[in-house]
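Data first, discussion second: the structure below is written as structure tokens.
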Amino acid sequence: MRRRAALAVTGAVVLAWGEWLNWRWSRSLVTGHGGTSEAVVVLGYRNPQATANFVNRWRVRAGLRSVAAGGAQDTQVIFSGGAVGSHAAEAQLMAEYARSVLGFCGTLLLEDKSRTTWENITNVIPLLEDADRIKIVSQSAHALKARAYVRRQRPDLAERLVRADDYRPLEWVIGKPLLALYGLWTLRGLKPEERMVSSCSRQPV
């Protein structure tokens, strides 16, 4: 009985740790910047098949719910990702899923050349110039890494970064400890100030 109780407590602690760390990353390097125009950038994931895979389908759904959560009058969704793992660009596969399966009828833009997160940001920056608010959608650690790259490449645009609706409590709850471990590894190159929770991040977006 004690062994079961100890395992249950350990499991709960691990799940809580994964939840907390992903929550924290989702609130780092964002502001409460306002405005009427918005760009939602959905980052692609390696996709070896002919249709959007599980991860990319989730990212598309998170991107579209980020549009609904924003309340902006003028919103464009940007799918970013080249042909990594197959002959089809991740951006194209995500766009097809958004249109044909989810029935999204809003403004879509594609950036289909990128092969790394740094290239994602480099290549979408020209599409972000006129946006008052910028949301980057992915798993929490990956989105934070992309926001850090915006900050490095264009500090002026980094001031427009706001929270996307890509983190929700208990979503992916079983996988969040693994996402947290992977995130710690992939974020190891970020500076301490790039991991900080912004003072304005609690404002509604």
For this session: Quick one: pull up CG in D74 and OG1 in T107 and give me the separation to the nearest 0.5 Å.
Result: 7.0 Å
Exercise. Should the pair R27 and W25 be classed as cation-pi, given the thresholds of under 6.0 Å to the six-membered ring centre and 45° from the axis?
Worked result: no
For this session: Please work out whether the ring planes of Y149 and W118 are parallel, tilted or perpendicular, with thresholds of 30° and 60°.
Result: perpendicular
Problem set entry | Exam field: side chain R160 to backbone L157, donor-acceptor pair closer than 3.5 Å | no
Exercise. Atom OG in S66, atom CD1 in I136: separation rounded to 0.5 Å?
Worked result: 11.5 Å
Exercise. Is there a side-chain contact between V41 and V137 (heavy atoms, below 4.5 Å)?
Worked result: no
For this session: Specify the closest pair of heavy atoms between Q49 and A52, including all atoms of both residues, with the distance to one decimal.
Result: NE2-O, 3.7 Å
Exercise. Going by heavy atoms in the side chains, are V150 and L161 under 4.5 Å from each other?
Worked result: yes
Exercise. Counting N and O atoms only, with roles assigned by atom type, does the side chain of R115 sit under 3.5 Å from a partner on the main chain of V84, one being a donor and the other an acceptor?
Worked result: no
Exercise. Is there any salt bridge (charged side-chain N to carboxylate O under 4.0 Å, His left out) pair reaching into residues 145-158, and which pairs are they, with sequence neighbours excluded?
Worked result: E129-R154, R152-E194, R154-D156
For this session: Kindly work out whether a path of hydrophobic side-chain contacts (I/L/V/M/F/W/Y, heavy atoms less than 4.5 Å apart) joins F79 to I125.
Result: no
Problem set entry | Of all pairs that satisfy salt bridge (charged side-chain N to carboxylate O under 4.0 Å, His left out), the ones with a partner from residues 8-21, not counting sequence neighbours | E19-K176
Exercise. Between W172 and F54, is a ring-ring contact (aromatic ring centres under 6.0 Å, His included) present by the stated rule, with each step listed?
Worked result: CA-CA 12 Å; W172 292 70; F54 174 78; 5.5 Å; yes
Exercise. Given side chains that start at C-beta, do those of M94 and V42 come closer than 4.5 Å, heavy atoms only?
Worked result: yes
For this session: May I ask you to check whether H142 and T186 show a side-chain donor-acceptor distance below 3.5 Å?
Result: no
Problem set entry | Check against side-chain contact (heavy atoms from CB on, under 4.5 Å), V77 and L109 | CA-CA 6 Å; V77 178; L109 300 176; over 6 Å; no
Exercise. Would a 4.5 Å heavy-atom cut-off, applied to side chains only, mark I78 and V40 as touching?
Worked result: no
Seminar exercise, completed: Nearest heavy-atom approach of D166 to S138 is OD2-O, 3.0 Å
Exercise. Got E90 and Y45 here, is their nearest side-chain heavy-atom distance under 4.5 Å?
Worked result: no
Exercise. Does L187 share a hydrophobic cluster with L181, counting links as ILVMFWY side-chain heavy atoms below 4.5 Å and allowing steps through other members?
Worked result: yes
Exercise. Any side-chain heavy atom of T51 sitting closer than 4.5 Å to one from L93?
Worked result: no
For this session: Say whether, by atom type as modelled, one donor and one acceptor occur between the side chain of H33 and the main chain of E159 under 3.5 angstrom.
Result: no
Problem set entry | Modelled atom types, side-chain donor and acceptor of N120 and S80, under 3.5 Å | yes
Exercise. Among all residues two or more places apart in sequence or in another chain, which pass the side chain to side chain donor-acceptor pair (under 3.5 Å) test with D112?
Worked result: none
Exercise. Can you list the other members of the hydrophobic cluster that holds V173, where links are side-chain heavy atoms under 4.5 angstrom apart?
Worked result: L15, L170, I174
For this session: Could you pull out the closest heavy-atom pair between A89 and G81, with the gap in Å?
Result: CB-O, 3.6 Å
For this session: Determine whether the side chains of Q153 and T122 contain a donor N or O and an acceptor N or O closer than 3.5 Å.
Result: yes
For this session: Would you give the length of the straight line joining atom OG of S28 to atom CG of L144, rounded to the nearest 0.5 angstrom?
Result: 5.0 Å
Exercise. CD of Q76 to CG of L108: how many Å apart, nearest 0.5 Å?
Worked result: 10.0 Å
For this session: Please tell me if the side chains of R61 and Y97 come closer than 4.5 Å, counting only heavy atoms from C-beta onward.
Result: yes
Problem set entry | Cluster overlap L179 with V55, hydrophobic side-chain contacts below 4.5 Å | yes
Exercise. Do the side chains of L21 and Y167 join up, straight or via other hydrophobic residues, at under 4.5 Å, putting them in one cluster?
Worked result: yes
For this session: Identify, with sequence neighbours excluded, every residue that meets side chain to side chain donor-acceptor pair (under 3.5 Å) alongside E171.
Result: W58, R65
Exercise. Atom NZ in K135, atom CD in E38: separation rounded to 0.5 Å?
Worked result: 4.0 Å
Exercise. Considering residues at least two apart in sequence or located in another chain, which fulfil the side chain to side chain donor-acceptor pair (under 3.5 Å) criterion with N56?
Worked result: N47, N53
Exercise. Any chance the side chains of S37 and R133 put a donor and an acceptor closer than 3.5 Å?
Worked result: no
Seminar exercise, completed: Nearest heavy-atom approach of A131 to I134 is CB-CG1, 4.3 Å
Exercise. Distance from L64 atom CG to D165 atom CG, nearest 0.5 Å?
Worked result: 11.0 Å
